[in-house]
Number of protein chains: 2
Amino acid sequence: MDESTASPRMNQYEKGKHTPDVQTLKLIADELDVPLNYFFCESESSAKLACIIDKMTEDEKRVLLEHVSKTKLDIKSE
Amino acid sequence: MDESTASPRMNQYEKGKHTPDVQTLKLIADELDVPLNYFFCESESSAKLACIIDKMTEDEKRVLLEHVSKTKLDIKSE
DNA sequence: TTACTAAGATACTCTTAGCCA
DNA sequence: TGGCTAAGAGTATCTTAGTAA
C-alpha cells in the first residue's frame, strides 16, 4: 500500500466510511500475521481457531479434520 | 438479491469480470449454507474445518480451541 | 429458456488537501 | 505531528438490453 495514502484509507476503514476490497484486506492480513479469513469469522473463538489452523501443515489439518468429524458424529449419536 | 439482476451478476462473478462485495458474499454464503469466511480459506482442509467450526456451539469451539492449543504445544516441545 | 456479455448508469473507493487535537 | 475528514477524481460494480446456444 502506498504510504502517502495509507493513513486516510485506514481511517476510512476503521470509521466505517469505506470498506477495503479483498486485495487490500490481504495486505492488511499479511501485515497483522493473520489469515485473510480471520476478518470474516463470526465469533472470537472461530477467529482464534482460524489463526491456529492457518499455521498448521496440511497433514495437521487433515488429522484435525478427522478428529472434529468424529467428535461431531459422537455428539450426534449421543 | 434482486432476481432480475442475479443471473448477470453471478455470471460476472464466476467469470471473474467483477468481484462481489462482502454484503453480497454474505447473501451467497447463507444461500450455500457455508460461513462467510469459507470463501477466504486458502486450502480445502481449512475450508472444510471452517464449515464444521461454524456449526459448533461456543462451548464446542472453546473445547476445540483448548485441544488444538495443547496439540500445538506438544508439537513444539517435541 | 438458460447462460452469458456489452456498455452506460450508478455507486463505490482513493487521493489530495487541509483541519483539529 | 498524528489522527482524522471532505470532496472531487478515478474506478469499480449493477442494471438494462440483447445475443447465443
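Chain naming here is simple, since letters A, B, ... match the order of the sequence lines and numbering starts at 1 in each.
B:V34 and B:I52 sit in two unconnected hydrophobic clusters of ILVMFWY residues. Membership requires side-chain heavy atoms under 4.5 Å apart, directly or through other members. Under the 4.5 Å side-chain heavy-atom criterion for ILVMFWY residues, a single connected hydrophobic cluster contains both A:L32 and A:Y38.
Nearest nucleotide to the side chain of A:D21, out of C:dC4, C:dC14, C:dT15: C:dC14. Proximity note for B:K15 (side chain, C-beta onward) versus D:dC14, C:dC14, C:dT5: the nearest is C:dT5. When the nucleotides C:dC14, C:dC4, D:dC4 are ranked by their closest atom to the side chain of A:S7, D:dC4 comes out on top. Of the candidates C:dT5, C:dT15, C:dA6, the closest approach to any side-chain atom of B:K17 belongs to C:dA6. Nearest nucleotide to the B:H18 side chain, out of D:dT5, D:dT13, C:dT5: D:dT13. Considering only side-chain atoms of A:E14, the nucleotide from D:dA6, D:dC4, D:dT16 that sits closest is D:dC4.
With B:D54 contributing its side chain and B:A50 its backbone, the two residues share no donor-acceptor pair below 3.5 Å.
Between B:S4 and B:D2, the side chains place a donor N or O and an acceptor N or O closer than 3.5 Å (distance only, hydrogens not considered).
Residue A:N11 contributes atom CG, which lies 17 Å from atom P of C:dC19 at whole-angstrom precision. Between the CG atom of B:D2 and the P atom of C:dT10 there is a distance of 16 Å, given to the nearest Å. Separating the CZ atom of A:R9 from the P atom of C:dC12 is a distance of 17 Å, rounded to the nearest angstrom. Whole-Å rounding puts the A:Q12 CD to D:dG3 C1' distance at 12 Å. Put simply, CG on B:L27 is 11 Å from P on D:dC14, counting in whole angstrom units. The distance from atom CE of B:M1 to atom P of D:dT13 is 14 Å, rounded to the nearest whole Å. Atom CD1 in B:I28 sits roughly 13 Å away from atom C1' in D:dT13 (whole-Å rounding). Whole-Å rounding puts the B:Q23 CD to D:dT13 C1' distance at 13 Å.
Within the nucleic acid shown, B:P20 has no heavy atom closer than 4.0 Å to any nucleic acid atom.
Close to D:dT13, at under 4.0 Å from its OP1 or OP2, lies no side-chain N or O of B:Y13.
Pairing each heavy atom of A:L64 with each of A:M56, the nearest pair is CD2-CE, 3.9 Å.
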